[in-house]
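Scroll down for the structure; my scribbles are underneath it.
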Amino acid sequence: MGVALGSFFPEAIQLSQESYSFVMLLTGAFGILPDTLDFKFARYFEKPDYIVEPDPKTLDPKPIAETVAEAIDKAAETGKQVRVRFHTLQEDFDKWRRYSVNFIPGANEVDVNIGPIVSTGQAPYPGTEPEVNNEAKVKTNANIIHKHGRATKIDIMSGPTIGFEKEDDGVNVVFLPWHRQWSHSFTLGILLGVIGGVLFGPLIGLLIGLPFILHVAVDLAGFMGGNLLYPFTRKRSEGFKLVSASSPLANFFLIWGSVLVVLYNLNRFASRPVFEMNPILFFLLFWGIPLAVTLFLRTRIKKLSEPQADILMEGFKEELSEGGQ
Amino acid sequence: MEFNLIAIILYSLIGVIIASILSIVPALHIYNVIGVIILAYLKFGAFIPREVLPFLLMSMVVTYSILNTIPSLFLGAPDDSTIFVVLPGQKYMLYGKGYEASVLTGMGGLLGIFFLVILTPFSFTILPKVKQIISPHLFWILGLIAVYIIMSEWPKGTERAASTWGRFFEAWRGLGAGFLTFALSGFLGLIVFNKTLVPLQSSFQGIMPVFVGLFAIPWVLLNIVSKREIPEQYISKSIDFNADLAVRGTLSGGFGGLLAALFPIVTGGVGGLLAGHATAQRDERIFVFSQGVSKTVYYGGAFLFFFVPAGRLGKGGLVAILGPIYTSLTSQEYFAALAVMLISGGISFFLLLQYSKLIIKLVRKVNYQIVSGIVLVILYIIVFAFAGPVGLLIATVGAAIGLLPVLFGSRRLNCMGVLLVPITLNMAGIGPKIASALGII
């Protein structure tokens with residue numbers, strides 16, 4: 001998307017085309033920089049107050065729930081953010097035991113579930129859920145505020161950290177408290193842009209700063225927002241909850257739209273444009289119609305898939321029980 | 001051009017038969033064989049009618065794109081376009097489901113051909129225009145792909161080190177190995193592209209030893225050292241897959257393959273990675289399936305677009321060596337090529353099923369270390385046959401670089417620096433300058 005934004009600058013396109021300049025690389029690099037800063041740097045410098053290391057032998061959900069409940073109450077008592085880091089449970093090189101942590105605000109309960117074994121691709125192995133002692137609920141003294149609203153699944157690689165932060169009417173659950181903080185702020189985007197502008201000129205400044213800021217802005221469409229004006233703001237805002245960051249459809253049409261913008265602009269600013277088309281018609285034709293068709297077909301394909309998937313899974317299970325050939 | 005449909009079908013079947021044997025030889029890329037066929041055609045005269053030659057080659061390419069899953073999956077000898085299938089494929093093998101992985105990639109291959117069929121109207125109208133628009137910008141687009149490959153690799157690990165810096169270094173060990181792999185591959189690429197290392201008569205095979213070294217040898221060595229045992233494999237009658245996953249996998253792999261088919265040096269693996277990220281696919285089944293789609297669209301599409309009259313869309317070594325001999329003049333030739341794809345794709349899929357069963361029996365009966373040892377010897381024989389003793393040296397250097405991501409758990413795609421670095425720099429007109437500054441030329 002950073003590249004799409006950069007393509008609106010005719011000077012950048014012409015520099016690329018006529019002088020073989022790599023200025024457009026800046027747009028891509030700075031467009032993904034916020035996540036690079038978080039996932040390659042920031043996450044390693046957080047200090048958790050509690051570490052949850054589930055026992056692979058007992059798979060007991062109760063100690064996990066108790067630790068989390070204790071952290072919530074501690075946050076309420078001290079007024080400081082308390083962080084709990086959850087370690088994963090690796091059972092084999094490609095087998096991980098999934099467990100989930102959920103928060104029930106009304107009942108003020110921490111609900112921990114021990115789930116199935118999953119592959120590194122997060123595909124669950126059917127029939128691997130523990131049949132007994134697979135859930136524990138522990139009450140907290142403090143009111144729980146859970147704006148995210150979804151259970152946190154812990155399964156592969158490194159586990160997440162959840163922070164607990166005291167607010168006026170209770171303790172707020174902060175998923176990945178190290179994520180989308182200073183790295184996802186408009187202020188850092190402006191600062192980087194200004195530095196780039198002072199050192200290399202205004203065009204470079206814009207090609208650095210704007211893609212960074214666009215990344216932060218687009219992230220706001222999801223569930224988790226950003227610490228938009230760090231260091232003037234200290235807390236991460238909430239997202240608009242329009243789409244999930246992991247939605248294949250949203251991701252695809254966002255990227256596809258960006259590709260179309262780049263193509264349209266490369267043509268528009270070329271010395272000899274290859275085509276001429278009204279931009280509204282262009283995007284309606286190549287973005288709007290495919291999106292409408294996809295949405296129309298999506299539900300039908302899903303309906304078609306569900307019973308079929310069940311039948312296939314049954315067949316597969318039968319074959320496994322027969323021992324195959 | 002006169003059309004003899006019977007001759008086209010006949011030569012397509014011959015192409016399927018030839019490629020079905022060659023495709024299962026580890027490291028033997030179909031382009032290596034096609035290069036030899038075309039050289040022989042030029043030297044010994046038209047022992048194949050000129051008008052059917054492209055269709056013979058098309059059937060070979062399609063058959064290869066579907067059957068090269070076998071050496072990658074079962075013998076652990078991948079190339080640049082199948083590198084992503086190996087790890088999930090070997091996981092399937094460890095659960096006794098190697099056959100299922102093979103069928104999934106084969107089904108992906110078939111859907112890849114249908115993807116190209118659906119794309120036909122765009123091949124004549126839109127894709128030539130797209131290519132025309134992006135051609136002057138290819139160097140920075142390729143540079144952008146390189147930046148994305150490097151920046152989008154996230155650390156892998158369970159982060160259990162006690163200290164902050166311990167966790168940081170644990171994560172950066174893999175990331176650092178990734179950077180180093182990209183840099184060394186790029187340096188190797190600059191050497192290979194700027195020096196005449198392999199004998200002139202086999203210069204069209206110049207990149208082959210590099211690819212064998214970077215992608216195939218490290219895996220085979222790992223298979224030997226890790227003393228991997230292959231458990232009993234099940235020949236399942238049904239596949240755990242459905243229409244929803246098929247559509248998602250086809251779109252993801254189709255667009256990835258299309259990127260690779262249109263852009264120079266973007267291979268099926270790179271295209272698959274970009275499309276996989278763009279569509280946020282996480283399901284392993286989609287991943288394996290989409291890799292099948294991607295490599296058929298990549299290999300088949302890159303050659304199919306060559307048949308678009310005056311479109312100049314095709315890319316790759318095959319198009320480069322066939323270009324001076326053959327030019328597509330009518331849309332009929334495109335549709336004939338498409339028909340050849342469908343026929344050879346269908347036959348190849350059924351061959352894939354049978355070959356997979358056979359190879360499963362083989363790896364079950366013979367010790368996997370012995371199989372891997374034989375594969376390693378075959379790799380070196382093929383490199384020597386095509387590129388001589390210097391080829392062996394290049395392959396060994398490539399293998400040393402290719403071992404880095406295998407040992408440190410970083411992304412193997414970093415090895416694509418071998419193409420991305422020199423070609424991006426050459427397109428920007430600074431390749432020779434940088435090679436000279438590095439003392440290469």
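Numbers restart at 1 for each chain; the letters A, B, ... are given by sequence-line order, proteins then strands.
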Among [options], which has the most heavy-atom pairs under 4.5 Å with chain B?
| options | value |
| --- | --- |
| F275(A), W256(A), F41(A) | F41(A) |
| E46(A), R43(A), R272(A) | R43(A) |
| G28(A), A29(A), G31(A) | A29(A) |
| Q90(A), E53(A), K47(A) | E53(A) |

If you count the non-hydrogen atoms of other residues, nucleotides and ligands that lie under 6.0 Å from OH in Y125(A), is the total more than 12?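 Count over threshold, so yes.
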Answer yes or no: are there more than 12 heavy-atom neighbours, outside F114(B) itself, under 6.0 Å from its atom CZ?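 No.
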Is it the side chain or the backbone of I430(B) that comes within 4.5 Å of chain A heavy atoms, both, or neither?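 The side chain, not the backbone.
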Please give me the minimum heavy-atom distance between [X] and [Y], naming the atom from each residue.
| X | Y | answer |
| --- | --- | --- |
| L263(A) | I133(B) | O-CG2, 4.0 Å |
| S16(A) | H137(B) | CB-ND1, 4.1 Å |
| G143(B) | L25(A) | C-CD2, 3.3 Å |

Considering only heavy atoms from C-beta outward, does the side chain of [X] approach that of [Y] to under 4.5 Å?
| X | Y | result |
| --- | --- | --- |
| R85(A) | E159(B) | yes |
| Y44(A) | E170(B) | no |
| Y20(A) | M427(B) | no |
| L144(B) | M24(A) | no |

Answer with side chain, backbone, both or neither: which region of [X] has an atom nearer than 4.5 Å to a non-hydrogen atom of chain B?
| X | value |
| --- | --- |
| I51(A) | neither |
| F269(A) | neither |
| I13(A) | both |
| A270(A) | neither |
| S19(A) | neither |
| V23(A) | neither |
| F286(A) | side chain |
| F39(A) | both |

Spatial distance of atom [atom1] ([X]) from atom [atom2] ([Y]) [nearest 0.5 Å]:
| X | Y | atom1 | atom2 | result |
| --- | --- | --- | --- | --- |
| N251(A) | S252(B) | CG | OG | 11.5 Å |
| N267(A) | I134(B) | CG | CD1 | 12.0 Å |
| W154(B) | T36(A) | CH2 | OG1 | 4.0 Å |

Heavy-atom pairs under 4.5 Å with chain A, option from W165(B), F168(B), F255(B) with the top count: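 The candidate making the most pairs under 4.5 Å is F168(B).
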Heavy-atom pairs under 4.5 Å with chain A: which of Q132(B), E153(B), K129(B), R160(B) has the most?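 The residue among Q132(B), E153(B), K129(B), R160(B) with the greatest pair count is R160(B).
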Evaluate D35(A) against M151(B) for side chain to side chain contact (heavy atoms under 4.5 Å, CB included), listing each step before the verdict. CA-CA 9 Å; D35(A) 283 343; M151(B) 286 185 76; over 6 Å; no
Between the side chain of K40(A) and the main-chain N/O of L175(B), is any donor-acceptor distance below 3.5 Å?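 No, the answer is negative, given that no donor and acceptor are paired below the 3.5 Å cut-off.
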May I ask you to check whether F22(A) and W140(B) place their ring centres under 6.0 Å from each other?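 They do not qualify: ring centres at least 6.0 Å apart.
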